[in-house]
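Have a look at this one.
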2 protein chains.
Amino acid sequence: MNGLDVRRLEYFVAVAEEQHFGRAAERLHMTQPPLSRAVQQLEDELGVTLLRRTTRRVELTPAGEVLLRDARIALDAVAAAERRTRHAGQPSPSLRIALKADLDAGLLQGILAAFAEEPEACETELVLVSIGEQAQTLRDGRADAAIVPAPYDDRGLDAVPLLSEPTLVAMAASDPLAARDTLRLADLAGHVLPGGRAADQYPANAGDLRPSANTPARHTVADLTEILRLVEIGAIVAFLPLSVTRRYPRPEIAYRAVADLPESEFVLAWPQQATSRAVAAFVRAAENVAAGVGAGGEFLDARR
Amino acid sequence: MNGLDVRRLEYFVAVAEEQHFGRAAERLHMTQPPLSRAVQQLEDELGVTLLRRTTRRVELTPAGEVLLRDARIALDAVAAAERRTRHAGQPSPSLRIALKADLDAGLLQGILAAFAEEPEACETELVLVSIGEQAQTLRDGRADAAIVPAPYDDRGLDAVPLLSEPTLVAMAASDPLAARDTLRLADLAGHVLPGGRAADQYPANAGDLRPSANTPARHTVADLTEILRLVEIGAIVAFLPLSVTRRYPRPEIAYRAVADLPESEFVLAWPQQATSRAVAAFVRAAENVAAGVGAGGEFLDARR
DNA sequence: GCGATTGATACCGTGGGGACATGAATGGCC
DNA sequence: GGCCATTCATGTCCCCACGGTATCAATCGC
């Protein structure tokens, strides 16, 4: 028999992630011996050793690293195929829009209304996800399009820019810096962003709101209210688009302009393989709405 | 048991492509009954009907169309994982560069030399493919990077532009138009490109050299020599980058400038998921070489 | 209406995957 | 340094699932 199969790939990924056959077996709801054998068979079929085993440690070979990365992608693709097919099989499939609540640049209502006018419109469904999950939601087939703040992981996705708006820093009102009207990034030395990165090094490690997989986060945040609560108590500062700050006026939080902070960009993204007319119509609608808002310039003044 | 598996997906794709259980079974080297059952099980697991069966015809439902597209992508990803892992398991894996012979903008030798100077260089291997196959070769794991003429199918790929050079039209020397020094696209009305598209409608349907899956091609060509032979006998005309025409000076072929024909762009592409240092080094080397050549301007004069 | 074509159903045998029991090797610890 | 615990590999058995053969049913063409 030639060719990998999904089950074995899942087994390998579990072992690679746990670095431990026993724990991986537990996670897979099976016992350890058949798991060991399955991974061995995988290695035999490939003619490649994927894992260095000691009785004390399991670690990946270079080839194992390659397979771990590619297997995750392949498993994502399989899961996406399943989800999309299930959804497409429903009587009248809706268009599923993924977004983080309040991170829509204030465009959502307008876009939905414009889309409803399109000749190829269909029902829409909002898929509310955690911060930074929008792209993955598209890749794994849970949504058909997403409004997402840049930067984001665009692998496998197509996108059009929607609009840019000023980025403000949110800090505790009690912070000495809050006395000033306008700051510079360097002033924020010593302050920490959600996820634990240093605020004054932004955007060296891109992704203001995305939880970083590499750096161990002191606070793991998935929601704006969590972020704002931490801001209030002075634990962190956060960079937020103007439209978001407008929705959360809080006495204990000061929003201030930062002169050398890049603008917040919002894009509309969708899976590259998408061919549905509904997605195309939604993209058209969103572009039109964004163009209108951008020309109107409602967001040009930075504070108050 | 939940989750699709590779075997069933292959079965479904075979049936969907053949629109016939018997032929699909033959292609899969099996008999028809277990194939029918496997597809039924797939439908049961998904809770979705994928195929409308009559005893005379098998056709896809909308959900079936979705699964066919996504299953192909998923199967590609699985096959790519297998190929890349096999390759990564070799003692000292080479960097595999895919290109169509002579469609390298004349950069190949320079890039290879520059890459060899890089600190993270490794052995390189050339994967010579048919016209238009470069991108697929990257997606399915047979190569790690590719030199490819734009436009191309960039799904799943990252790329940097290398250089642009004038595009010439190759036509039979006996063609009346060959008497003129410079043409316009409209002059080519009635002439046919490789693949059967009308030359004067370029680039309405993008992809000058890619075989089109939709339009039935009168001539299927995978090689420059085949194209040039058809040009010589006056069957087609072809749009070719200047660097290619320089390599094929033929008395029976006239290369002429076309005023409103866009330049030929070459890009270096690689899989988006690539993380290897060798690929990064190769990209650096290629960018440097291309920048040098572009600045030198060797390709600026269009004819003679 | 009859036959040919084609997909579905019935039934059976074999092979592979999982559980249980056990072996072997390595690293920590006293 | 030897003992023990941890952990991965191996041996064995069992069962399910996949594939093959035989056959049925339905539809289209003549």
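Values below: every heavy atom of this structure, side chains too, minus hydrogens, waters and symmetry copies. Letters A, B, ... are given to chains in the order of the sequence lines, protein chains preceding strands, and every chain is numbered from 1.
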*Rounded to whole angstroms, how far apart are CZ on A:R23 and C1' on D:dT7?*
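A:R23 atom CZ is separated from D:dT7 atom C1' by 11 Å.
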*Roughly how many Å is it from NE2 in A:H29 to C1' in C:dG17, rounded to a whole number?*
17 Å
*Nearest-nucleotide pick for B:S36, side chain only, options being D:dT7, C:dG7, D:dG20*: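 Taking heavy atoms from C-beta onward, the closest nucleotide is C:dG7.
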*When you get a sec, tell me which of D:dA9, C:dT9, D:dG19 is the closest nucleotide to the side chain of B:R37?*
D:dG19
_Whole angstroms only, please: what is the CZ-C1' distance between B:R52 and D:dA26?_
16 Å
_Less than 4.5 Å apart, side chain to side chain, heavy atoms only: is that true for B:Y11 and B:D5?_
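They are not in side-chain contact.
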*Calculate the interatomic distance between A:D44 atom CG and C:dG17 atom P; express it in whole Å.*
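One finds 12 Å between P of C:dG17 and CG of A:D44, rounded.
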_Which nucleotide wins on minimum distance to the side chain of A:Q41, given the candidates C:dG17, C:dG18, D:dG20?_
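Among C:dG17, C:dG18, D:dG20, the one nearest the side chain of A:Q41 is C:dG17.
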*What nucleotide, of D:dG20, D:dA9, C:dA8, holds the atom closest to the side chain of A:P33?*
D:dA9
*asked:* Distance check needed: C:dG18 P versus A:E10 CD, whole Å only.
replied: 11 Å
*Look at A:R8 and C:dG17 and indicate whether a side-chain polar atom (N or O) is within less than 4.0 Å of OP1 or OP2.*
yes
*Check every atom of D:dA9, C:dG7, D:dG20 against the side chain of A:R53 and return the nucleotide holding the closest atom.*
D:dA9
*Can you check the B:Q19 CD to C:dT5 C1' distance for me, whole Å?*
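The answer, rounded to whole Å, is 17 Å.
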*CZ of A:F21 versus C1' of D:dT7: gap in Å, rounded?*
10 Å
*Does the side chain of B:V39 come within less than 4.5 Å of B:R53's, by heavy atoms?*
yes
*asked:* Taking the minimum atom-to-atom distance to the side chain of A:R7, which one of D:dG19, D:dA22, C:dG18 wins?
replied: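 Within the option list, the nearest is C:dG18.
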_Pair B:R139, B:D153 - check side-chain contact (heavy atoms from CB on, under 4.5 Å), show working._
CA-CA 10 Å; B:R139 273 188 287 272; B:D153 178 0; 3.3 Å; yes
_Can you see whether A:Q41 engages A:R8 through a side-chain donor-acceptor pair at a distance of less than 3.5 angstrom?_
yes
*Between A:Y11 (OH) and D:dC8 (P), how many Å, whole number?*
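That distance rounds to 17 Å.
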_Side-chain donor-acceptor pair present, B:D154, A:Q272, cut-off under 3.5 Å_ =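 No - no donor-acceptor pair under 3.5 Å links their side chains.
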*asked:* Counting the atoms with a prime plus P, OP1 and OP2 as sugar-phosphate, which does B:Q32 contact under 4.0 Å by heavy atoms, base, sugar-phosphate, or nothing?
replied: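 Base contact.
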*Among C:dA8, D:dG20, D:dA9, find the nucleotide with the atom closest to the side chain of B:T31.*
D:dG20
*Establish, with yes or no, whether the OP1 or OP2 oxygen of C:dT9 is under 4.0 angstrom from a side-chain nitrogen or oxygen of B:Q40.*
yes
*Please tell me which of the listed nucleotides, C:dT26, D:dA9, C:dG7, lies nearest to the side chain of A:T54?*
C:dT26
